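Reading through the structure tokens given below for one structure.
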Number of protein chains: 2
Amino acid sequence: MTSMQNSFTEENYLKIIHSLSGREGVEVSTNALAESTSTRAASVTDMLRKLADKGLIHYKKYQGVRLTDSGEKVAIKVIRKHRLWEVFLVEKLGFGWDEVHDIAEELEHIPSEILVEKLDTFLGHPRFDPHGDPIPDAKGNLTEPDYTILTDIQVGEKVLMMGVLDHAPSFLQHLDRSGITLGAVIEVKEINEYDKSASVQINGGQTLFISLEVSKNLLVQRR
Amino acid sequence: MTSMQNSFTEENYLKIIHSLSGREGVEVSTNALAESTSTRAASVTDMLRKLADKGLIHYKKYQGVRLTDSGEKVAIKVIRKHRLWEVFLVEKLGFGWDEVHDIAEELEHIPSEILVEKLDTFLGHPRFDPHGDPIPDAKGNLTEPDYTILTDIQVGEKVLMMGVLDHAPSFLQHLDRSGITLGAVIEVKEINEYDKSASVQINGGQTLFISLEVSKNLLVQRR
DNA sequence: ATATATTTTTAGGGTAGTCTAAATTTTTTA
DNA sequence: TAAAAAATTTAGACTACCCTAAAAATATAT
Ligand SMILES: [Mn+2]
Ligand SMILES: [Mn+2]
Ligand SMILES: [Mn+2]
Ligand SMILES: [Mn+2]
């Protein structure tokens with residue numbers, strides 16, 4: 001009864017609603033969805049009516065939407081597939097972390113529960129994807145670690161680089177060129193009061209300057 | 001100019017036309033395509049007009065269709081992807097050869113040239129898929145080995161099992177239960193004149209009876 | 001508390017791919 | 001070689017997803 005297949009498009013909507021809704025499950029607006037799906041608000045309204053009819057979202061006109069438990073389950077399955085495929089692309093095929101997002105965006109819609117589980121086993125049950133994002137387990141449990149944004153770190157603190165907020169290839173390539181990779185030790189040496197740019201030391205070696213724009217997109221962990 | 005993306009559906013049509021057209025490139029009928037695509041003839045006609053407009057097939061009304069060089073290139077790329085993904089599923093993820101067809105049917109439509117080439121490298125440039133079908137190379141060369149059907153083998157001959165004509169899970173599972181796998185040595189001990197069933201010895205060990213239906217779907221090579 | 005601005009929905013329509021029923025063309029049979 | 005049968009195309013329609021323009025509801029500002 002609940003087994004009817006969701007389309008590629010429906011899965012993308014659910015994943016985006018999950019992401020915009022955040023951990024608190026706040027209502028997502030039609031315009032925000034239009035922006036994220038690169039469609040028009042009118043098209044979003046059509047889709048929302050359909051997702052509501054299928055019981056995947058809570059929707060009252062003009063009130064924004066939230067995922068139902070059923071919709072949340074679907075969204076998390078898609079996220080699990082996306083992140084597992086990203087691990088495969090980076091770890092097994094040798095792609096850079098800046099190259100895998102768009103491909104995983106397609107692979108995440110391949111059906112077959114058993115495929116996902118065999119892939120997970122093949123990859124050694126990874127807990128995080130190449131961008132530091134947590135991978136939901138087979139039961140659908142997704143626990144977001146509470147990392148700190150680098151802008152909240154004080155001068156003198158040493159932290160571990162754990163993830164990124166911006167997944168854009170240009171940002172990831174910029175980090176590559178700076179030697180800032182997942183697991184790197186970052187020590188904040190100085191923060192410029194004027195523009196909040198920072199001087200940081202990477203792995204006890206090279207010191208470099210990073211802009212506020214970069215700091216805002218780096219997730220780190222105190223040790 | 002030639003770079004416009006083909007849809008999932010168009011790719012399936014091209015692949016099926018390639019397969020039904022055979023090595024000699026004979027015309028494929030509308031009804032044959034309706035059968036293979038599980039659609040109605042009227043739907044096929046619509047699609048044929050579209051494929052012809054895109055220059056992917058030669059089509060004259062009521063005359064059947066053939067692939068153009070351009071269409072052939074697309075079909076072979078899809079076949080390459082299908083077979084490489086099947087190798088991945090069997091060799092890396094541990095699927096049985098009877099379980100991979102439907103999944104590969106989806107994976108074959110994932111775009112990205114570079115993904116295919118990295119997958120090919122990861123798999124060690126396999127020449128054949130798990131069913132013994134040849135994998136086109138990166139340049140689009142597809143050379144069909146000329147295997148013999150087991151029904152053409154005489155009593156007393158020893159041959160190597162090289163492939164299957166029927167890819168149905170039930171047939172492949174039947175072969176598994178009989179111990180007939182790719183590379184197995186098959187010696188024809190006896191052929192029953194009445195129903196053309198045969199008695200064959202596998203790998204110099206067990207002798208078993210196989211029906212004409214099975215023999216007709218086994219591709220072998222004389223040694 | 002209105003008036004204005006913004007957001008969202010509705011109305012009407014388009015393309016891709018599918019369908020059934022009817023018309024047309026080709027093939028087979030007598 | 002003409003009638004019957006089979007194959008194919010055309011006509012008209014449906015669903016999924018998307019669009020623009022206009023209407024309606026909500027939010028903001030005066
Ligand atoms: Mn996607
Ligand atoms: Mn990721
Ligand atoms: Mn396919
Ligand atoms: Mn195969």
Side-chain angles (χ1 to χ4, degrees), chain A residues 3-17 20-22 26-67 71 74-75 78 105-106 108-111, chain B residues 3-17 20-22 26-67 71 74-75 78 105-106 108-111:
Chain A
S3 63
M4 195 192 167
Q5 204 71 2
N6 301 298
S7 75
F8 187 108
T9 307
E10 288 166 350
E11 288 188 348
N12 282 337
Y13 268 86
L14 294 174
K15 199 176 56 143
I16 290 168
I17 293 169
L20 295 179
S21 196
V26 65
E27 322 276 324
V28 178
S29 76
T30 298
N31 265 356
L33 284 168
E35 166 87 34
S36 289
T37 55
S38 301
T39 61
R40 299 311 187 122
S43 309
V44 171
T45 300
D46 281 351
M47 181 58 78
L48 294 184
R49 205 176 32 69
K50 182 156 63 130
L51 292 173
D53 286 349
K54 294 180 83 170
L56 296 164
I57 60 173
H58 296 290
Y59 174 50
K60 268 168 295 183
K61 288 202 291 193
Y62 297 100
Q63 307 294 291
V65 295
R66 281 180 303 109
L67 294 177
V74 175
V78 177
E105 202 60 44
E106 309 281 328
E108 73 190 359
H109 305 292
I110 304 286
Chain B
S3 62
M4 196 192 167
Q5 205 72 358
N6 301 298
S7 75
F8 188 108
T9 306
E10 288 167 348
E11 288 188 346
N12 281 337
Y13 269 85
L14 294 174
K15 199 176 57 144
I16 290 169
I17 294 169
L20 295 179
S21 196
V26 306
E27 321 277 326
V28 177
S29 75
T30 299
N31 266 354
L33 284 168
E35 166 87 34
S36 289
T37 55
S38 302
T39 60
R40 299 312 185 124
S43 310
V44 172
T45 300
D46 282 351
M47 181 57 78
L48 294 184
R49 205 174 35 66
K50 182 156 63 131
L51 293 173
D53 287 348
K54 293 179 85 171
L56 296 165
I57 59 173
H58 296 290
Y59 174 51
K60 267 167 296 181
K61 287 202 291 193
Y62 297 100
Q63 307 293 287
V65 295
R66 280 180 304 109
L67 294 177
V74 174
V78 177
E105 202 61 43
E106 309 281 328
E108 72 189 359
H109 305 293
I110 304 286

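Chain letters run A, B, ... following the sequence lines, proteins first, then strands; residues in each count from 1. Treat the numbers as computed from the prediction; the structure is a model and nothing was measured.
For the pair T30(B) and dT9(D), the criterion of a side-chain N or O lying under 4.0 Å from OP1 or OP2 is met. Within the 4.0 Å cut-off from OP1 or OP2 of dT18(C), not a single side-chain nitrogen or oxygen of R40(B) is found. Regarding contacts with the backbone of dT26(D), every side-chain N or O of K61(A) stays at 4.0 angstrom or more from both OP1 and OP2. Contact annotation: N31(A) reaches the phosphate of dT8(C) (side-chain N/O to OP1 or OP2, under 4.0 Å). Residue Y62(B) places no side-chain N or O under 4.0 Å from the OP1 or OP2 atom of dA6(D).
Between the CD atom of E11(A) and the P atom of dA16(D) there is a distance of 16 Å, rounded to whole Å. What separates CE of M47(B) from C1' of dT10(D) is a distance of 17 Å, to the nearest Å. Between the P atom of dT9(C) and the CG atom of L51(A) lies a distance of 13 Å, rounded to the nearest Å. E27(B) places its CD atom 15 Å from the C1' atom of dT8(D), with the value rounded to the nearest Å. Look at CD on E35(B): it is 12 Å from P on dT8(D), rounded to the nearest Å. Look at CG on L48(A): it is 11 Å from C1' on dT9(C), rounded to the nearest Å. Rounded to an integer number of Å, the gap from Y59(A) OH to dA25(D) P is 13 Å. Between the C1' atom of dT20(C) and the CG atom of D46(B) lies a distance of 13 Å, rounded to the nearest Å.
Place S38(A) and Q63(A) on DNA chain D by their nearest nucleotides, and S38(A) ends up nearer the 5' end.
Residues E27(B) and K60(B) are not paired through a salt bridge, judged by the lack of any N-O separation under 4.0 Å between the basic side chain and the carboxylate.
Closest of all the heavy-atom pairs between E108(B) and N12(B) is OE2-OD1, 3.2 Å. In terms of heavy-atom proximity, Q5(A) sits nearest to K54(A) at O-NZ, 3.7 Å. Contact between V26(A) and L20(A) at its shortest, heavy atoms only, is CG1-O, 4.2 Å.
Heavy atoms of F8(A) sit nowhere under 4.0 angstrom from any nucleic acid atom. At a threshold of 4.0 angstrom between heavy atoms, the contacts of T45(A) include nucleobase atoms, whether or not backbone atoms are also involved. Base contact: S43(A) has a heavy atom under 4.0 Å from a base atom.
Residues meeting the side-chain hydrogen bond (donor to acceptor under 3.5 Å, both in side chains) test with T45(B), sequence neighbours left out: none.
Checked against dT18(C), dT9(D), dC18(D), the side chain of A41(B) finds its nearest nucleotide in dT9(D). Comparing atom distances between the T39(B) side chain and each of dC19(C), dT8(C), dT10(C) picks out dC19(C) as nearest.
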